[in-house]
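A short write-up of the structure that comes next.
In what follows, chains are A, B, ... by sequence order, proteins preceding strands, each numbered from 1.
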Protein chains: 2
Amino acid sequence: MSKLSGEKTSVTMQSVAAAAGVSPMTVSNTFRYPERVQEETRQKVLRIAAELGYVPNYAAGNLASGQSRVIGAVIPSIKNSSFYNYVRGMQDAVASEGYELILKLADTQRNETAAIETFVGLRVAGIALVGDEHEEQALRLMRKTGVPVVEAWVQDAPFDMAVGFSTYEATRALVDLLLESGRRHIGFIGYAGAASRRFKQRMPAFRERLAAYGLRSDLVHLVDETDGFGAGPKALEGLFRLDPDLDALLCPTDIVAAGVVFECGRRGWRVPEQIAVVGWGDYEIASEITPALTTLQPNTYQMGQAAMRMIVERVKGDESAGKIMDTGFEVLRRDSVSWTSEPMRGISTVTA
Amino acid sequence: MSKLSGEKTSVTMQSVAAAAGVSPMTVSNTFRYPERVQEETRQKVLRIAAELGYVPNYAAGNLASGQSRVIGAVIPSIKNSSFYNYVRGMQDAVASEGYELILKLADTQRNETAAIETFVGLRVAGIALVGDEHEEQALRLMRKTGVPVVEAWVQDAPFDMAVGFSTYEATRALVDLLLESGRRHIGFIGYAGAASRRFKQRMPAFRERLAAYGLRSDLVHLVDETDGFGAGPKALEGLFRLDPDLDALLCPTDIVAAGVVFECGRRGWRVPEQIAVVGWGDYEIASEITPALTTLQPNTYQMGQAAMRMIVERVKGDESAGKIMDTGFEVLRRDSVSWTSEPMRGISTVTA
DNA sequence: TAAATCAATTGTAGCGCTACAAATGCAGAA
DNA sequence: TTCTGCATTTGTAGCGCTACAATTGATTTA
């Protein structure tokens, strides 16, 4: 008797088999390979199993077969909504493949490693991570066990497989949009400290693009990732001091952008007329504040789906090591950028 | 050889034992009951295990012992931030107890049942749910297996154990706050449809309290839970039509409240002078918009902690069935309610 | 009619680990 | 010196399930 269930008796495959008058293997097959079992037999087994309240023990199945139908995903945060669609995409994809998704939250690399250890300990079928910065210990572990790993929000040099979009291209598209709208004094808000690669490629893209058009590319202000809305006011202050003619702002997230918009309101600056504001991430707030935020929408739902599919295909035997999928992005043009002034010549906006 | 690991060889307890020149049981004890193993032996085993890259197989351990160090939590949503601190509390609590927390997302009761089935299949040590409305199938399953279950945001009649706060008391405290601030035409925004019990007790509390002071208690408007910010404008429109003297609004979440504030801005109505707005949940946006929202802050971090502790204690053998913990709440007074007019006589605000 | 074929079912072994009881070895007591 | 008590270590059995090979029995083919 299982200790887990305390005084309750536990229903095993054995007991179901006995009650149904078949062998344990027939019960096993009924659940794992229904097509191997005759319709009539299968119905009987299912009925008895339901009556007895049988719940397959995944731990035992996993141990016996060396296989698992559980995939683990590590999510850096649920504080903001940017991972909502990513998780939904994963959920929907695994459901249609007959797998299960379990999540672990890890806000630091240390915790990510712990989460990976748990998943490996559970012998999951695959692991989905966000970003490409992991502790050496985590890398060793994944390398050693050979568990399929997908990194989301990653475009190059994956540990195993990756799915993402080019933040370089995306930033370029946003800068081009601002140039097209007639802005010439464009500020950039970046994250200071150990912010992940997800943010790293943006600043170079920003600088190169502006430099290419002979414009100031040094209007950069770094804020703390944990500041949330509060980062907006700080950055606005800092950038305005660098260039009083500041007429556009590229923000690292819609949250920061919303903070900027609120602060502009407090200062009586009109958005978008005086200052155009561009967010990143298509958070819910982006479409709800006034003016609605022009922002970058990564196809995170598709990213989640793709991540799960890659793992399932690998399990099925595809030789997919090193595979990278690009799920693209879209620039959502909304009211926080206006097209009133003369566009920069030679600019044409890329939107996907 | 495990099929999971493909062509890599898998390191088992056996191989560690052989390499360290001890029996498998000593390796097992080293990990599970370190105090049973001599310091010297333990160090050697740990060193060898690290060198070989050994990762304990939880599935096997679970099967052999009937115990698990993994606790599963079902979260209804990560779309908004209200569960952030709840999850953090759970994480911190399990970490200090030597357990692991895994999450599953379930936005419907159907999905919740599926999540519970997965957790039961994995033979987790306990399950944390949100709310007290579950499918019959889920209840049967939990009853049958006897797995420890904690319901969060629940105050009475738990399935097994519960942790929460009184939404009745909380609503009363908010109504009293508005009465104290001098409001007399208070509107209530509720959720229509199958919104959970988390919302159900609020309307009666609202009505009773207003009725007790001889004020209108029928200024109620129901909105769709999925509307987000958009619910604000709809409700404002509906309630204003019921009573043009409307001077305060109780919202089901800070998101809806923010929607109301934004809409007031569009209509040129001043908050809080013309209309006081009260939110619920202490979302990040509540302190960032202008005016900052007066809102109700449930101690969700403490709720998460308490939930995990209850499960761990149950596993340790405490007879804790039916246990209920109250983690309380706080009313955060901010700018969206002002104290300009004469207070209702006899009112004194309760804040925890 | 006998042999071959095939779908459906079954027995056996073992996945990696831990509970439990048994064995070992060593200090101090008699 | 032998015995007892104790900390430490070790065999053994088995958790619940599935891979795989073997078996059964009905149907088809020669």
Item to complete: Determine whether A:M325 and A:R309 make a side-chain contact, defined as any pair of heavy atoms from C-beta on separated by less than 4.5 Å.
Response: no
Worksheet item: Does a nitrogen or oxygen in the side chain of A:T26 sit under 4.0 Å from OP1 or OP2 of C:dA8?
Response: no
Worksheet entry | A:V16 side chain near A:M13 side chain, heavy-atom distance below 4.5 Å | no
Practice prompt. Grab the CG-C1' distance between A:N62 and D:dG16 for me, whole Å please.
Written response: 12 Å
Worksheet item: Tell me: OH of A:Y58 to P of D:dC17, nearest whole Å?
Response: 12 Å
Worksheet entry | Distance (rounded to the nearest 0.5 Å) between B:F83 CZ and A:L105 CG | 13.5 Å
Response to the item:
Between B:A60 and B:V22, the residue closer to the 5' end of DNA chain D by nearest nucleotide is B:V22
Discussion item. Angle between ring planes, B:F31 versus B:Y54, binned at 30° and 60°: parallel, tilted or perpendicular?
Written reply: tilted
Worksheet entry | Distance in angstrom units between A:M13 CE and C:dT9 C1', rounded | 14 Å
Fill in: Between D:dG14 (P) and A:Q14 (CD): distance, integer Å
13 Å
Discussion item. Please give me every residue in residues 29-51 of chain A whose heavy atoms get under 4.0 Å of an atom in DNA chain D, ordered by residue number.
Written reply: A:R32, A:Y33
Discussion item. From C-beta outward on A:T12, which listed nucleotide comes closest to its side chain: D:dC17, C:dT10, D:dC15?
Written reply: D:dC17
Practice prompt. Spell out, as yes or no, whether a donor-acceptor pair under 3.5 Å connects the side chain of B:K104 to the backbone of B:N111.
Written response: no
Worksheet item: OP1, OP2 of C:dC17 versus side-chain N and O of B:S65: anything below 4.0 Å?
Response: no
Worksheet item: Given atom CZ of B:R123 and atom C1' of D:dC17, what is their separation to the nearest angstrom?
Response: 11 Å
Discussion item. On a heavy-atom basis, which atom in B:V163 and which in B:A306 lie closest, and how many Å separate them?
Written reply: CG2-CB, 3.8 Å
Discussion item. Check this for me, if you would: do A:D107 and B:R88 make a salt bridge, where the nitrogen-to-carboxylate-oxygen distance has to be below 4.0 angstrom?
Written reply: no
Worksheet item: Going by distance alone, is a donor N or O of one side chain under 3.5 Å from an acceptor N or O of the other, for B:E135 and B:T113?
Response: yes
Item to complete: Dot-bracket notation for DNA chain C is requested: 5' to 3', Watson-Crick or G-U wobble pairs only, both distances under 3.5 Å, with ( ), [ ], | and . as defined.
Response: ||||||||||||||||||||||||||||||
Worksheet item: Looking at A:S28, does any N or O in its side chain come under 4.0 Å of the phosphate oxygens OP1/OP2 on D:dC17?
Response: no
Discussion item. Do B:K323 and B:E313 make a side-chain contact, defined as non-hydrogen atoms from C-beta onward lying under 4.5 Å apart?
Written reply: yes
Worksheet item: For the pair made of CG in A:N57 and C1' in C:dG16, what is the distance, rounded to whole Å?
Response: 14 Å
Worksheet item: Please give, in whole Å, the distance from C:dA13 C1' to A:M25 CE?
Response: 12 Å
